[in-house]
Structure formats: structure tokens, C-alpha cells
2 protein chains.
Amino acid sequence: MVELQTSPLDTIFHALADSTRRRMLSALGGGDRTVSQLAEPFSISLAAASKHIKVLEQAGLLRREIRGRTHVCRLDPGPLASAHQWLAAYEHFWTERLDVLERLLREEDARPSPPPTSLPPAEEGDDA
Amino acid sequence: MVELQTSPLDTIFHALADSTRRRMLSALGGGDRTVSQLAEPFSISLAAASKHIKVLEQAGLLRREIRGRTHVCRLDPGPLASAHQWLAAYEHFWTERLDVLERLLREEDARPSPPPTSLPPAEEGDDA
DNA sequence: CTGTAATTCAACCATGTGGTTGAATATGCA
DNA sequence: TGCATATTCAACCACATGGTTGAATTACAG
């Protein structure tokens, strides 16, 4: 496939698509953690945990400060904000449910094919 | 690996971790679309597009109504709301940046290892 | 120096992913 | 009936993913 164009959002969402990594982020939400501390709750090898941490790091969700022989990891919320922002574009779809119903009832006649409403930050500029 | 426990959030974030699928969601934001309509902007086979749509469907992001020989797809924003909500737990990390700085400056002495603050909807109950 | 602790690296494995192509399955239309 | 349209299915391929184990690297401690 060779995937020549991987957008930041691809990487961020992929990093979030694993519950081990999400729980690591949760832990980091409580403060800085070393690699071993992040790995501790899971019954996987340190090497496996190290790979997960690298995925988070490459998604920009985690900054690493090497202090002697231990690596201290800190949450970087920036990419989470990006993801949150992307999702926010769809917010009205789940918040204005009753509103939509109301609007439908208010309309004089039903349009057979409604003109595309289109999202503000979407279509081509989706990954920008 | 056999992945015996896949959480909904795993599936949702995985579905979002592909720009083709995100752009399909964008299109659906503008109204219902058939499979061919969703596939049209992309230079991939219909079979490949069909697979993407199935991923979105299994994540619950898309509902399909079979109308004769065409499948009409509709955006289901529910799972987007879940993802948005999960991210919202981290919102203060990117909104209260200056606040944190201020708090640090206000503190009398630096604690060497700060007591874990812990996130409200996180840790074990991350996927619930 | 020597041992141990923290972490990564490298090689390997099973399975998943995203793509292809060609055939199958309906459905609509003349 | 017969053909075109819309979509999926099945088999295949290259590569990614998440896990393992064992060795390498680096730093602290006696």
C-alpha cells in the first residue's frame, strides 16, 4: 500500500484506537510517569509497552525527557485538542436532534433532494 | 494476538484513523449518500470503498438503508459524540495552560513527585 | 570494576489492514 | 427474457501491528 501521505490526524486517531494506549494517557493525566510506571498496570512485556509509548510519542501525545537511565514521559495535549476540534465539527449532529425535527415540522414543503449542507472544516481540508 | 476484548472506542477511533473514511464522513455530513456516491471522489475500487464503508458501519458511525439495488448511507453521530466526550476529559490540559503556569508560580515549594491528580472518567473505566 | 536496573533493539510470529481483480448477487429497465 | 447497474464476496498480496524473547545499551551503586 505504501501509504505515501499520512496525515497527523491519521496518526493521532490511530494512537487513540488502542485501549492500552488510552489507559497510558489516563495515567499521564495524573502526572509524569516513567516507562516502567506506564507499563506496570499491563500484563505485557516492557518491550511491548515501549512500542506503545513510541506510538504515542510519534503522534505527539507524549513528550519524553531522558533523565539518567530513566525516561520520564509527559502528556502533550496538543494533538488531543486537534482531534477534539475535528470531532467538534460534527457536534451539531448529536446536539441538535430535536432542533432538526422541529425544523422539519416547520418547513412548508419537503425538498426531494436537500441541498448539501456541507461541514465548515471538512471535505478536502479534512486533514489539514 | 486474537484481541479478545475490543472496546467500542477502539473501533470508533480506528474507523477515524483513515483520511478516506474521515472524508466519507464529511460527505455524509452533507446528507445521505449511496455507496457509489461515497466512493466517487477516491481513486480506489468500489470494493475497497465498500470495505471502508463497512468499517464505518461496524463502528456505528453509519447506518445503511437498502433501497432496491442501492444502499443509502446516513451519518450516525452517536459514536462521534462518545469519542468527543472521551477527549473532553482532557480538555483542561490544553485550555488551562496559563492557569497551570500561574498555579506553579503561586506554590510555596516544588513537590518532587506530585501526588497523582487522576482524571475523572479514566484509568480502568476508560472503555466503559 | 562489577553487577544491577531502565530501556531499547532486533528478529520473529500471527493476525489485521487496505488495496487489487474477477466472479457472484440482486435489482431495475426495455 | 435479457442486459445493464449497484453492490458485495472471495481470494490474493504487501505491509503494518501488537505481541514475544533474548541481546545490547546506558547509567547508577557498591
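Naming: A, B, ... by sequence-line order, numbering from 1 per chain. Heavy atoms only: backbone and side chains are in, while hydrogens, waters and symmetry mates are out.
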*When you check every protein heavy atom under 4.0 Å of nucleotides 20-30 of chain C, what one-letter string (B, S, -) results, 5' to 3'?*
BB-----BS--
*Between atom NZ in A/K54 and atom C1' in D/dG18, what is the gap in whole Å?*
13 Å
*asked:* Rounded to whole Å, how long is the line connecting atom CD of A/E40 with atom P of C/dA6?
replied: 13 Å
*CZ (B/R63) with more than 12 external heavy atoms under 6.0 Å*: no
_Donor-acceptor check, side chain of B/R22 to backbone of B/L16, threshold 3.5 angstrom: yes or no?_
yes
_Separation of atom CZ in B/R21 from atom P in C/dG16, rounded to whole Å_ = 15 Å
*Please state how far atom NE2 in A/H14 lies from atom C1' in D/dC15, giving the value in whole angstrom units.*
13 Å
*Side-chain N or O of B/T70 less than 4.0 angstrom from OP1 or OP2 on D/dA6?*
no
*asked:* Any non-hydrogen side-chain atom of A/Q37 less than 4.5 Å from a side-chain atom of A/D32?
replied: no
*asked:* Using whole Å, what does the distance between atom P of nucleotide D/dC28 and atom NE2 of A/H71 come to?
replied: 11 Å
*Of all residues at least two apart in sequence or in a different chain, which pass the side-chain contact (heavy atoms from CB on, under 4.5 Å) check with A/H14?*
A/R21, A/V55, B/A17
*The side chain of B/H52 lies closest to which of these nucleotides: D/dT8, C/dT8, C/dG18?*
C/dG18
*Residue pairs involving residues 46-84 of chain B (criterion ring pair (Phe, Tyr, Trp, His ring centres under 6.0 Å); sequence neighbours excluded)*: A/H84-B/H84, A/W94-B/H84
*Rounded to whole angstroms, how far apart are CG on A/D18 and P on D/dG18?*
5 Å
*Between atom CE in B/M24 and atom P in C/dG18, what is the gap in whole Å?*
11 Å
*Please state how far atom CZ in A/R64 lies from atom C1' in C/dA6, giving the value in whole angstrom units.*
12 Å
*Hydrophobic cluster membership, A/I53 vs A/L46, 4.5 Å side-chain cutoff*: yes
